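Below is one structure; the comments refer to it alone.
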Amino acid sequence: MKRYLFTTPSSVKGTIKLPASKSISNRVLIINALGKGTYPPENLSDCDDTKVLIQAIAQGKQLINIMAAGTAMRFLTAYLSVIPGERTITGTERMQQRPIQILVNALRALNATIDYADTEGFPPLHIQGGVLEGKELTLQGNISSQYISALLMIGPVLKNGLTVRLSGEIISRPYINLTLHLMNDFGAEASWTAADTIYVAPVPYKSLQFTVESDWSAASYWYQLAALAPEADLVLTGLFHKSYQGDSRGAEIFSRLGVQTEYIPQGIRLRKSGDLPSRLDEDFIDIPDLAQTFVVTCALLNIPFRFTGLQSLKIKETDRIAALRTELKKLGYLISEENDSVLFWNGERCKPQAIPVIHTYEDHRMAMAFAPAALRFPSIRIAEPQVVTKSYPTYWDHLRQVGFGIRIETEIKFPKQTDSSASLEN
Ligand SMILES: O=C(O)C1=C[C@@H](OP(=O)(O)O)[C@@H](O)[C@H](O)C1
Ligand SMILES: C=C(OP(=O)(O)O)C(=O)O
């Protein structure tokens with residue numbers, strides 16, 4: 001097992017060229033492919049989840065391995081249903097445990113031919129693509145918005161357009177709105193017609209020169225570093241105030257945790273204000289990808305919290321609710337869970353481990369949300385740090401850039417907590 005340990009700077013300063021938004025990259029790729037766009041999108045993310053989608057679309061192979069990319073899996077399932085040809089799409093072991101039945105049922109209701117290759121309700125899928133006509137559909141909005149975005153994006157190529165009615169609570173709504181914004185930018189006509197209903201007209205996509213903005217979810221780890229470091233002055237490039245990305249709301253929440261955002265021509269500048277609240281209560285139903293950032297930040301700042309709207313966390317890269325509780329316990333924080341959808345902490349502590357090894361569970365956000373903890377826990381190790389390539393391949397390089405030293409440690413056989421061989425990487 002590979003793991004990283006760190007030396008940390010007393011002040012986090014520098015200009016960081018964030019990765020491009022993976023959510024925007026993956027939508028623009030699908031829209032462009034459906035619209036037979038003449039301009040290649042610019043500044044696409046170079047993360048794994050975007051690379052696999054680029055390959056899948058460009059290579060048109062019969063067997064597609066989408067690895068761990070949830071959006072790519074869901075978006076391609078809808079896309080391949082309207083592209084002639086027979087294909088099988090699979091992914092990592094975890095991907096084969098992430099549900100897809102709601103999307104498959106909706107596509108089948110549009111007459112798509114999709115079969116489960118292994119377990120009913122889960123990838124891998126056999127898809128026979130063809131011409132679909134489109135009609136009115138009802139599907140659950142409370143499991144993953146990615147099913148809805150996937151369907152919406154094929155709406156413009158369906159002969160009769162598409163009406164999607166959502167039942168139950170609508171989770172991750174900003175991601176649905178991101179899809180609609182981008183579709184409309186590319187010439188489609190798609191909008192909410194009621195609080196629970198979206199209509200997509202059978203109006204084709206147009207080609208558009210498009211540059212992908214930076215990733216607000218990735219920005220959250222820099223806010224976290226600013227919040228935890230004694231001093232900070234960071235410029236994050238390529239972010240805008242009026243972003244389509246729902247995770248831009250992180251800026252406002254961090255302003256309550258003592259990190260202020262200034263919008264400047266090249267992006268944003270983060271500085272510390274020093275004021276901290278006595279507790280933080282927040283609903284994450286719209287911003288699930290920021291949950292790990294705020295859970296770790298609040299615990300380490302000793303700010304009790306109650307975070308609701310976390311019901312989608314169990315079916316992401318790992319069960320993030322369980323992973324957060326297990327790993328924060330190693331640092332001495334006892335986080336509680338309620339109804340699979342709430343995490344709260346009233347300050348309960350236990351003895352921290354002397355050498356906490358944080359497991360990342362093939363989840364990039366576990367690695368990125370726990371690495372800043374090195375500022376408060378110098379002995380912390382992050383296991384399998386390469387997981388960050390899912391969304392932010394240069395994360396570790398960027399930490400080095402602001403003064404973190406990173407050593408690689410390779411665990412030897414039958415280790416005790418202290419048995420390790422360390423080599424200096426930087
Ligand atoms: O559409 C998207 O780009 C995403 C939607 C969200 O998923 P859910 O809708 O499953 O919550 C989010 O967690 C994921 O990282 C990206
Ligand atoms: C949940 C995520 O990704 P996906 O669902 O696309 O695998 C994420 O990036 O946090």
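Worth saying up front: this structure is predicted, and the values here are computed from it rather than measured. Note that ligands are numbered from 1 as they come in the structure, with each ligand's atoms numbered from 1 the same way.
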Give the atoms of ligand 2, by number and element, whose distance to some non-hydrogen atom of [X] is under 4.0 Å.
X: Gln146; answer: 4 (P), 5 (O), 6 (O)
X: Ala68; answer: 7 (O)
X: Lys390; answer: 3 (O), 4 (P), 7 (O)
X: Lys316; answer: 1 (C)
X: Arg98; answer: 4 (P), 5 (O), 7 (O)
X: Gly70; answer: 4 (P), 5 (O), 6 (O), 7 (O)

Using a strict 4.0 Å threshold on nitrogen-to-oxygen distance, state whether [X] and [Y] make a salt bridge.
X: Arg306; Y: Glu338; answer: yes
X: Arg256; Y: Asp281; answer: no
X: Asp233; Y: Arg269; answer: yes
X: Arg381; Y: Glu409; answer: yes
X: Arg365; Y: Glu317; answer: no
X: Lys314; Y: Asp319; answer: yes

query = Within the distance-only criterion (no hydrogens, no angle test), does the side chain of Ser207 pair as donor or acceptor with the backbone N or O of Thr38 below 3.5 angstrom?
reply =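 Answer holds: yes.
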message = Treating Ser243 as the side-chain partner and Ser248 as the backbone partner, does any N or O pair qualify as donor plus acceptor under 3.5 Å?
response =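 Not a single qualifying donor-acceptor pair exists.
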key: Under-4.0 Å heavy-atom contact with ligand 2, by part of Arg320 that carries it   =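 Contact part for Arg320 vs ligand 2: side chain (C-beta onward).
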What atoms of ligand 1 come within less than 4.0 Å of a heavy atom belonging to [X]?
X: Thr71; value: 1 (O), 2 (C), 3 (O), 4 (C), 16 (C)
X: Arg27; value: 1 (O), 2 (C), 3 (O)
X: Ser144; value: 8 (P), 9 (O), 10 (O)

ask   = Among Phe254, Tyr223, Phe305, which one satisfies ring pair (Phe, Tyr, Trp, His ring centres under 6.0 Å) with Phe294?
value =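 Among Phe254, Tyr223, Phe305, the one that satisfies the ring pair (Phe, Tyr, Trp, His ring centres under 6.0 Å) with Phe294 is Phe254.
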ask   = What part of Ser172, side chain, backbone, both or neither, has a heavy atom within less than 4.0 angstrom of ligand 1?
value =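 It is the side chain that gets close, since no backbone atom is under 4.0 Å.
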Please say whether [X] places an N or O atom under 3.5 Å from an N or O atom belonging to ligand 1.
X: Lys22; result: no
X: Ser149; result: no
X: Gln146; result: yes

Are a donor atom and an acceptor atom from the side chains of [X] and [Y] found within less than 3.5 Å of each other?
X: Ser341; Y: Asn339; answer: no
X: His398; Y: Tyr392; answer: yes
X: Gln140; Y: Asn142; answer: yes
X: Asn26; Y: Thr71; answer: yes

Please list the nearest protein heavy atom to [atom] with its residue and the distance rounded to 0.1 Å.
atom: atom 13 (O) of ligand 1; value: Asp289 OD1, 2.7 Å
atom: atom 6 (O) of ligand 2; value: Thr71 N, 2.9 Å
atom: atom 10 (O) of ligand 2; value: Arg365 NE, 2.6 Å
atom: atom 9 (O) of ligand 1; value: Ser145 OG, 2.5 Å
atom: atom 3 (O) of ligand 1; value: Ser23 OG, 2.6 Å
atom: atom 1 (C) of ligand 2; value: Glu317 OE1, 3.1 Å

ask   = Is the closest heavy-atom distance from Ser217 to ligand 2 below 4.0 Å?
value =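 False for this residue.
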task = Answer with yes or no whether Met73 contacts ligand 2, where contact means a heavy atom under 4.0 Å from a ligand atom.
result =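 Contact absent.
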ask   = Does ligand 1 have any atom sitting under 4.0 Å from a heavy atom of Lys316?
value =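 For ligand 1, residue contact (heavy atoms, under 4.0 Å) with Lys316 is present.
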query = Are Phe186 and Tyr205 near enough that their ring centres are under 6.0 Å apart?
reply =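 Between Phe186 and Tyr205, the centre distance exceeds or equals 6.0 Å.
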inquiry  = Considering both backbone and side-chain atoms of Arg74, is one of its nitrogen or oxygen atoms within less than 3.5 Å of a nitrogen or oxygen in ligand 2?
reply    =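 Among all N and O atoms of Arg74, none is under 3.5 Å from an N or O of ligand 2.
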